[in-house]
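Counting convention: from 1, in listed order, for ligands and their atoms alike. Throughout, residue positions are numbered sequentially from 1 according to the sequence presented. What you see is a predicted model; the values in this text were computed from it and never measured.
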Amino acid sequence: MSNDRIEYLRSKLAQYPDFPKKGILFEDIMPIFADPKAFGILVDLLVELVQKQFKEIDVVVGLEARGFLFGPTLALRLNSSFVPVRKPNKLPGDLATISYKKEYAEDAFAMQKSSIKPGQRVLIVDDILATGGTAMAADELILQLNGNLLGHVFLMELGFLEGRNRLKAPTFTLFSGQTEAPEGSKTA
Ligand SMILES: O=P(O)(O)OC[C@H]1O[C@H](OP(=O)(O)OP(=O)(O)O)[C@H](O)[C@@H]1O
Ligand SMILES: Nc1ncnc2[nH]cnc12
């Protein structure tokens with residue numbers, strides 16, 4: 001049953017109030033990767049979700065850093081390539097770059113221009129959809145490289161931030177996280 005598997009994954013999550021700054025309820029997904037059974041379930045559920053919603057994915061794009069934890073494994077299971085979107089000063093060569101805002105900070109991303117061929121069918125994966133700033137920046141990079149952006153898959157969505165409304169392609173998540181602003185946050 002999918003519900004049992006989702007509940008098993010949920011049981012592994014931890015929440016930390018006021019991290020990395022006051023008003024943020026931080027969702028820690030790392031315990032999933034500490035448990036091989038949970039990691040196996042996670043990958044199985046992602047494969048099932050992707051195969052149900054998308055056809056013929058050429059490239060799975062993972063977002064640094066947590067999108068690297070499962071992106072390559074998912075790509076292998078889908079028989080697709082894996083390509084990283086990285087933080088600044090990490091990638092060599094000719095780059096496409098973009099700055100963005102996320103729930104608790106500002107950041108920037110880069111991709112090697114040669115990493116996506118025009119028209120390749122691209123799926124973006126990451127752990128958490130919060131404000132959508134991070135994923136929207138990745139969308140822009142894929143479009144700059146003339147990739148065919150099919151959609152997004154996340155483990156968890158913080159629904160109260162409505163990030164999915166900012167994204168440029170269909171968006172699917174395994175489960176929902178915070179549906180209301182945490183106590184003490186600016187928007188509470
Ligand atoms: O929807 P948003 O508000 O943009 O936030 C979501 C992003 O925030 C986290 O990344 P972060 O760069 O903070 O951490 P990481 O390097 O540990 O992945 C998370 O992994 C998402 O990529
Ligand atoms: N509340 C949160 N917990 C963990 N990662 C995040 N990325 C953005 N918002 C987050």
Quick one: do K90 and E64 make a salt bridge, cutoff under 4.0 Å? no

With only distance considered, is A130 within less than 3.5 Å of ligand 1 through an N or O on each side? yes

If I compare all heavy atoms of G62 with all of F68, which pair ends up nearest, and what's the gap? O-CE2, 3.3 Å

Under 3.5 Å, is there a donor-acceptor pair linking the side chains of D35 and Y8? yes

For ligand 1, which atoms have a heavy atom of T131 less than 4.0 angstrom away? 1 (O), 2 (P), 3 (O), 4 (O)

Using a strict 4.0 Å cut-off to heavy atoms of R66, name the atoms of ligand 2 that fall inside it. 4 (C), 5 (N)

Nearest non-hydrogen contact to atom 1 (N) of ligand 2 from the set T134, D126, L25, D28 belongs to L25

Provide the number and element of each atom of ligand 2 under 4.0 Å from a heavy atom of A130. 8 (C), 9 (N)

When the ring planes of F33 and F39 are compared, do they come out parallel, tilted or perpendicular, using 30° and 60° as the limits? tilted

I128 neighbourhood, listing ligand 2 atoms whose heavy-atom distance to it stays under 4.0 Å: 4 (C), 5 (N)

Report the nearest protein non-hydrogen atom to atom 12 (O) of ligand 1: residue, atom name, distance rounded to 0.1 Å. K102 NZ, 2.7 Å

Under 4.0 Å from any heavy atom of D127, which atoms of ligand 1 are there? 19 (C), 20 (O), 21 (C)

Do the non-hydrogen side-chain atoms of L42 and R5 ever get within less than 4.5 Å of each other? no

Taking only heavy atoms of E103 into account, list the atoms of ligand 2 that are under 4.0 Å away from them. 1 (N), 2 (C), 8 (C), 9 (N), 10 (C)

Got F109 and P88 here, is their nearest side-chain heavy-atom distance under 4.5 Å? no

Identify the two heavy atoms, one from F54 and one from P170, that lie closest to each other, and give their separation to 0.1 Å. CZ-O, 4.4 Å

Heavy-atom gap G132 to ligand 1 smaller than 4.0 Å: yes

Among all the protein's non-hydrogen atoms, which is closest to atom 13 (O) of ligand 1, and how far away is it? Y104 OH, 2.6 Å

Of all the atoms in ligand 1, which lie at a distance below 4.0 Å from a heavy atom belonging to G133? 1 (O), 4 (O)

Less than 4.0 Å between a side-chain N and a carboxylate O, is that true for R66 and D127? yes

Looking only at protein heavy atoms, what sits closest to atom 21 (C) of ligand 1 is D126 OD2, 3.2 Å

With only distance considered, is K101 within less than 3.5 Å of ligand 1 through an N or O on each side? no

Electrostatic pair D44-R77, nearest N-O below 4.0 angstrom: yes

Considering non-hydrogen atoms only, spot the tightest contact between Q178 and L25 and give its length. NE2-O, 2.9 Å

Non-hydrogen atom of Y100 closer than 4.0 Å to ligand 1: no

May I ask you to check whether D126 and H152 show a side-chain donor-acceptor distance below 3.5 Å? no

Nearest protein heavy atom with distance in Å, relative to atom 7 (N) of ligand 2: Y104 OH, 3.2 Å

Just need the protein heavy atom nearest to atom 18 (O) of ligand 1, so name the residue and atom and give the distance. A65 N, 3.0 Å

Between Q53 and V50 (side chain of the first, backbone of the second, donor and acceptor by atom type, cut-off under 3.5 Å), is there such a pair? no

State whether the shortest distance between N or O atoms of D107 and N or O atoms of ligand 1 falls below 3.5 angstrom. no

Compare K87, R66, M136 and give the one whose heavy atom is closest to atom 9 (C) of ligand 1. R66

In terms of residue, atom name and distance, what is the protein heavy atom nearest to atom 3 (N) of ligand 2? E27 N, 2.9 Å

Is I128 near ligand 1, meaning one of its heavy atoms is under 4.0 Å from it? yes

N165 atom CG, over 12 foreign heavy atoms within 6.0 Å: yes

Tell me: protein heavy atom nearest atom 4 (O) of ligand 1, and distance? T134 OG1, 2.5 Å

